[in-house]
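Take a look at the structure below.
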Amino acid sequence: MPVINETLGQYSELFMLLAASTYTVAFIAFAWDLAKSSKALRAIDLKAAATAEAERVPVAAGRAALAGPDAGGPAGRAERPTSGVTVEGGTAAGDMRYTAARRVPARVAVALTVLGALIHAAGVLTRAFGAGRVPWGNMYEFLTTGAFVAIAVFLVVLIRRDLRFLGTFVVGLAIIMLVAASIAFWTPVGHLVPALQSYWLIIHVSIAVLSSALFTLTFAMSALQLVQSHRQKSLAAGRPDKLGFMRLVPNALSLENLSYRINAVAFVGWTFTLMFGAIWAEKAWGRFWGWDPKEVWTFVIWVVYAGYLHARATRGWTGTRAAWLSIIGYACVIVNFTLVNTVLNGLHSYSGL
Amino acid sequence: MSESVKAKKNSTAGNTPEAAEETGSSAVDRAKSEAALPALGIKGMLRWSWTQLTSMRTALFLLLMLAVGAVPGSLFPQRAANAAIVTQYIKDRPTIGPIMDAVQLFDVYSSAWFSAIYILLFISLIGCVTPRAIAHYKALRSKPPRTPKRLSRLPEYGTLVLPADAGIPASKAITDAAGLLKKRGYRVDIRDADGALPSVGAERGLIKEVGNLVFHTALIGVLVSVAVGGLFGYSGQRILVEGDTFVNTLVGYDQFTPGSNFQSGWLQPYSVQLNSFQATFDHETPGKFGQPIDYTAEVTTKESPDAPAQKQVLKVNDPLSLGGTNIYLTGNGYAPMVTVRDGQGNIALQGPVVAKVQGANYYSSVVIKVPDAKPDQLGFVGFFLPTAFATQDGVSFSGDPELLNPQLNLNSFYGDLGLDKGVPQNVFELNVGNLKPLNGRNLPNKAITLTPGHTVTLPDGKGSITFDGVRKYVGLDVHNNPGQLYALIFGLLAVAGLVTSLYVNRRRVWVRTGTHEDGRTMVEYGLLARGEDHRLAGEAAALRELFAREWNVAGEPDTTSPVNPDAPNAVSSSTTKDQ
Ligand code: HEM
């Protein structure tokens with residue numbers, strides 16, 4: 001049995017609080033960026049509208065001719081601006097790549113998030129060393145480690161794609177998770193109960209947490225997709241733009257395409273979660289499937305996202321409806337974590353409550 | 001294009017993606033079936049239902065129904081998990097309880113409606129996979145689709161110009177291109193090799209569809225494996241006190257659940273003797289006092305009655321494998337050793353009594369039935385505390401899971417235990433209806449409090465009870481599931497299929513060459529993806545580089561018009577329309 005180091009545990013809690021505070025400042029910076037950039041984009045838009053009106057029409061017409069009525073525009077042929085102009089049709093560039101535009105608040109926000117993540121990592125590590133094991137053995141640890149993974153995944157994706165428009169969302173969620181962990185689910189560092197002493201804890205839970213982090217990103221994107229698609233429709237109908245901050249957000253189709261790609265990865269991850277869970281259940285309880293509440297909900301999540309993947313291939317179910325399925329899937333992830341661990345009793349009563 | 005292609009279209013407003021294809025043939029079937037709806041005979045009706053059932057939309061609907069249908073099983077107690085809780089649950093809700101029971105809310109996963117959902121889903125699955133498999137088998141054996149007239153309409157398109165002095169005629173360029181594509185893993189087919197406009201059609205990633213088919217077929221395999229486990233497997237429970245031996249026969253079990261096709265001859269009579277059991281508890285970490293840290297059971301096993309004995313260690317998460325079964329450590333507790341003498345002074349019972357853990361720190365309930373006591377049968381109910389404490393109001397509790405101050409607290413009864421009538425009874429419950437109390441909290445003869453080594457004499461000369469000591473017991477679960485291994489294999493197959501299906505890209509490439517009046521060889525190529533493919537542009541760029549290197553021309557996009565005279569001049573350069 002490893003020795004429990006309570007001093008490290010206390011440091012860990014301090015780091016968690018520091019991380020939460022840093023994230024809070026980052027959150028403010030992200031929100032500021034949303035407000036400021038959408039204002040700036042609006043100004044560019046207005047100017048561009050005046051000067052480029054004449055040039056733009058033929059280009060658009062050319063594109064329309066290219067797509068043709070019967071060509072059935074090939075996959076992913078989203079129209080992309082080729083110049084540095086970031087705004088087209090009231091939405092940001094669909095490829096979510098970085099542009100030359102300088103967004104100081106966004107840079108500050110990302111820098112703060114990185115700082116927060118470093119402190120957060122220290123918190124997770126000290127917890128792990130304090131307990132002498134992986135830091136995911138109870139609700140407190142799921143939340144603190146899960147929040148870290150969500151932030152880390154977000155930052156990793158940020159290297160390749162400009163998803164800073166998701167910043168308020170992801171960082172906000174991490175703050176909620178850290179606060180919930182410290183207030184509602186606080187648990188001191190301790191040993192694992194025998195039922196959790198298995199290498200499957202390392203494999204099964206880490207993949208579950210990672211997949212959940214990815215689902216978190218796609219949930220945010222699907223929610224924005226719904227808003228954006230609504231906004232695009234009303235813009236197309238010539239109504240005034242009431243959701244100006246959504247200028248910073250790419251068009252609905254691009255959001256859908258990227259969230260599909262992330263969901264596909266997360267779905268494979270969740271399939272592994274389910275399978276490894278089953279293998280572990282067989283090792284621990286002698287049956288690989290028993291419809292325990294945790295198993296039920298893991299299965300429900302899997303089936304909902306399988307439905308999402310099907311929807312993407314079903315006439316009339318792409319776009320908005322698929323986005324709703326992605327959102328429902330995430331709601332199930334939340335239920336699986338909260339209600340199932342606390343209210344519905346099953347064999348998985350390890351939550352440390 | 002020769003066949004329907006999964007595609008997304010951007011309306012001019014740049015939003016709502018249009019629907020993608022269904023599987024080529026089923027879309028046609030569906031259209032047919034919808035058109036033919038009104039006048040249908042029985043045969044037509046059946047065919048119509050079949051087409052509906054195997055449509056993608058139905059699959060989606062059934063999938064979502066499966067998710068919804070699974071939920072109630074987590075909200076309400078399930079018989080399969082704990083029948084006693086269900087009985088109590090219904091008793092507590094006299095009106096709604098029976099109704100819930102009637103709609104099988106307590107047996108969700110074996111209910112008619114849940115079964116209906118998944119059976120329909122799997123029929124739909126079979127109906128979906130079979131024609132797709134046939135179609136794909138044909139696709140595998142046929143040549144890449146014919147070259148479209150206008151390559152420039154494809155999502156990825158580009159041209160290359162080979163100068164006249166390079167000496168590469170159109171026919172040579174096309175065989176070069178075909179060779180390059182082949183090396184890159186494409187199946188290629190050259191058309192019109194010696195014509196004016198020779199072309200090559202190439203295709204790769206057909207394994208994507210194989211992956212999809214394997215995935216869906218493997219799901220059927222998982223379901224069948226689970227069914228096999230239910231038919232031919234069995235499981236049982238046994239509580240084993242230190243020193244005792246379990247023999248794998250029907251009578252060896254406290255509880256046995258056979259699969260529907262089980263035969264008792266399948267049980268191999270191996271034996272497991274529990275030598276000792278150690279539990280370690282946390283006494284240091286604040287807030288976790290008394291939490292278990294480790295359970296270890298030392299056992300001696302024999303594969304068969306005459307096999308050599310083997311010492312083994314059984315732990316949680318680390319089952320024993322014996323005689324085709326796995327043996328799991330699923331519970332433990334204390335078994336106080338008692339000796340009961342009857343009114344005639346004879347030993348009527350001697351040995352361990354399994355105490356059922358009820359609360360914190362192994363606060364456990366105890367029931368002792370002594371049917372052999374004479375002249376009156378005796379019964380005891382009470383509790384066992386490994387570390388006894390009492391509050392000021394006399395409420396006893398256990399302060400520690402370890403045996404620091406073990407204590408038995410019992411009420412005693414005499415009379416007819418009701419065991420002689422042959423009605424099965426729960427060993428953990430004493431029906432005191434027909435019994436007369438001897439000792440009790442509120443009786444003149446106070447409840448019995450015993451510590452190890454002590455004896456209490458019962459009133460009225462009914463006998464005595466001695467607390468001899470404490471042993472530990474373990475709860476063992478024994479499982480045999482012949483479907484399990486197959487479920488795992490199919491599960492792994494499913495994952496492999498899924499990954500292949502999601503990450504292999506199915507692409508088509510066409511190259512067409514032609515000779516310009518001034519002697520230059522013009523090359524144009526186009527790429528098309530089936531399904532989502534965000535890396536198509538990357539592939540186009542890679543191909544372009546390969547071609548350019550092969551023919552030693554500039555790799556940069558040029559602005560020459562396409563070879564094909566039909567192509568619109570509007571598209572002139574190598575277009576990278578996606579990323
Ligand atoms: C047990 C129920 C089912 C599950 C869990 C399931 C799951 C999935 C998943 C995860 C995918 C996406 C990965 C891939 O492309 O291989 C998929 C694709 C697909 N499924 Fe299913 N499926 C089920 C039943 C069905 C049924 C009944 C049908 C036919 C009616 C069907 C037809 C398809 C088709 C055509 C695709 C390919 C979609 C595409 O082109 O992207 N599936 N399925």
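In what follows, every chain begins at residue 1, and chains take the letters A, B, ... in the order their sequences are listed.
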Does the side chain of A/Trp297 pick up a donor-acceptor pair with the side chain of B/Ser74 at under 3.5 Å? yes

Go through the atoms of A/Val265 and report whether side chain, backbone, both or neither lie under 4.5 Å from a heavy atom of chain B. both

A/Ala311, A/Gly286, A/Ala284, A/Gly290: which one forms the most heavy-atom pairs within less than 4.5 Å of chain B? A/Gly286

Rounding to 0.5 Å, atoms OG1 (A/Thr314) and CZ (B/Arg57) come to a distance of 7.5 Å

Tell me, out of B/Asn326, B/Leu62, B/Leu498, B/Thr330, who's got the most heavy-atom pairs with chain A below 4.5 Å. B/Leu498

B/Ile293 backbone acceptor or donor facing A/Gln197 side chain under 3.5 Å: yes

One should read off an interatomic distance between A/His310 NE2 and B/Thr58 OG1, to the nearest 0.5 angstrom, of 12.0 Å

Only one of B/Val68, B/Leu121, B/Leu66 clears side chain to side chain contact (heavy atoms under 4.5 Å, CB included) with A/Val303; which? B/Leu66

B/Ala494 versus chain A, heavy atoms under 4.5 Å apart: side chain, backbone, both or neither? neither

Answer with yes or no whether the side chains of B/Asn317 and A/Trp280 bring together a donor and an acceptor at under 3.5 Å. yes

Using heavy-atom distances under 4.5 Å, tell me whether A/Ile279 contacts chain B through its side chain, its backbone, both, or neither. side chain

Please report the interatomic distance CZ(A/Arg312) to CG(B/Leu60), rounded to the nearest 0.5 Å. 13.0 Å

Assess whether atom OH of B/Tyr486 is packed by more than 12 heavy atoms of other residues, nucleotides or ligands within 6.0 Å. no

Kindly say whether A/His191 contributes a backbone atom to a donor-acceptor pair with the side chain of B/Gln291 at under 3.5 angstrom? yes

Less than 4.5 Å to any heavy atom of chain A: does that hold for the side chain of B/Leu492, its backbone, both, or neither? both

Any side-chain donor-acceptor pair under 3.5 Å between A/Arg261 and B/His534? yes

Of all residues at least two apart in sequence or in a different chain, which pass the salt bridge (charged side-chain N to carboxylate O under 4.0 Å, His left out) check with B/Asp477? none

Chain A contact via B/Ala81 - side chain, backbone, both or neither, heavy atoms under 4.5 Å: neither

I'd like to know whether CH2 of A/Trp324 has more than 12 heavy-atom contacts from other residues, nucleotides or ligands below 6.0 angstrom. no

Give the minimum heavy-atom separation between A/Ala264 and B/Tyr503, together with the two atoms involved. C-OH, 3.5 Å

Those residues at least two apart in sequence (or on a different chain) that pass side-chain contact (heavy atoms from CB on, under 4.5 Å) with B/Asp318 are B/Lys315

Nearest 0.5 Å please: distance from the CH2 atom of A/Trp302 over to the CG atom of B/Leu63. 8.0 Å

Sequence-distant partners of B/Arg79, salt bridge (charged side-chain N to carboxylate O under 4.0 Å, His left out), two or more places apart: B/Asp101, B/Asp107

Taking non-hydrogen atoms and a cut-off under 4.5 angstrom, which of residues 269-278 of chain A neighbour chain B? A/Thr271, A/Phe272, A/Met275

Using a 4.5 angstrom heavy-atom cutoff, name the option from A/Trp291, A/Phe267, A/Trp289 with the most pairs to chain B. A/Trp291

Heavy-atom pairs under 4.5 Å with chain B: which of A/Cys332, A/Ala195, A/Pro194, A/Gly190 has the most? A/Pro194

Is there a side-chain contact (heavy atoms from CB on, under 4.5 Å) between A/Val296 and B/Tyr109 once you walk through the steps? CA-CA 10 Å; A/Val296 170; B/Tyr109 305 105; 3.0 Å; yes

What part of B/Tyr328 gets closer than 4.5 Å to chain A, counting heavy atoms only: side chain, backbone, both or neither? side chain

